[in-house]
Amino acid sequence: MRTTLTLDDQLATRLKRLSADTGRAFKDVINDTLRAGLQGPRQSPARPYRLRPSALGAPLVAGRLDKALQLADELEDTALVSKLEHRK
């Protein structure tokens with residue numbers, strides 16, 4: 001089948017270079033490149049994901065971390081009270 005394609009200049013240059021380097025016809029290089037692209041990406045076998053834990057040291061906040069939301073509320077309340085007092 002004959003068709004007309006408009007190629008980006010850089011892409012056309014690369015395809016022409018590939019054609020010249022391999023000694024193959026330009027249309028064969030185009031067809032093989034399109035075929036390879038339509039087959040999808042070549043996937044390497046997936047390696048299992050491994051997470052290596054590392055020690056982060058002691059918590060910076062004194063107190064129980066299971067009460068973090070309560071601590072955040074108290075800090076927010078303190079900041080709000082301080083802000084309101086500075087308005088006076």
Side-chain angles (χ1 to χ4, degrees):
M1 175 179 150
R2 289 182 72 102
T3 189
T4 302
L5 293 175
T6 304
L7 301 173
D8 291 338
D9 291 338
Q10 293 174 341
L11 183 57
T13 302
R14 289 180 63 189
L15 290 167
K16 287 178 184 176
R17 188 177 308 130
L18 182 58
S19 174
D21 291 347
T22 59
R24 295 168 34 218
F26 186 67
K27 70 177 186 176
D28 292 335
V29 171
I30 296 285
N31 284 322
D32 291 344
T33 304
L34 288 173
R35 243 183 240 106
L38 289 173
Q39 288 179 356
R42 295 179 185 166
Q43 295 180 352
S44 59
R47 296 182 332 179
Y49 178 76
R50 302 226 185 256
L51 178 64
R52 293 189 179 129
S54 59
L56 299 177
L60 298 177
V61 179
R64 296 181 53 175
L65 293 179
D66 58 343
K67 302 289 184 183
L69 291 177
Q70 181 181 352
L71 175 62
D73 286 341
E74 290 172 6
L75 290 172
E76 184 179 10
D77 292 346
T78 303
L80 184 59
V81 168
S82 175
K83 186 177 179 180
L84 290 174
E85 286 177 353
H86 282 97
R87 284 186 175 177
K88 292 181 183 181

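Fair warning: this is a prediction, and the values are worked out from it, not measured in the lab.
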Where do S19 and A25 come nearest, in terms of heavy atoms and distance? OG-C, 3.7 Å
Could you list who else is in [X]'s hydrophobic cluster, with ILVMFWY side chains joined at under 4.5 Å, directly or through other members?
X	answer
Y49	L51
L56	none
L7	L5, L11, L15, L18, F26, V29, I30, L34

Is there any salt bridge (Lys or Arg N to Asp or Glu O under 4.0 Å) pair reaching into [range], and which pairs are they, with sequence neighbours excluded?
range	value
residues 44-60	none
residues 10-32	R24-D32, D32-R35
residues 70-81	none

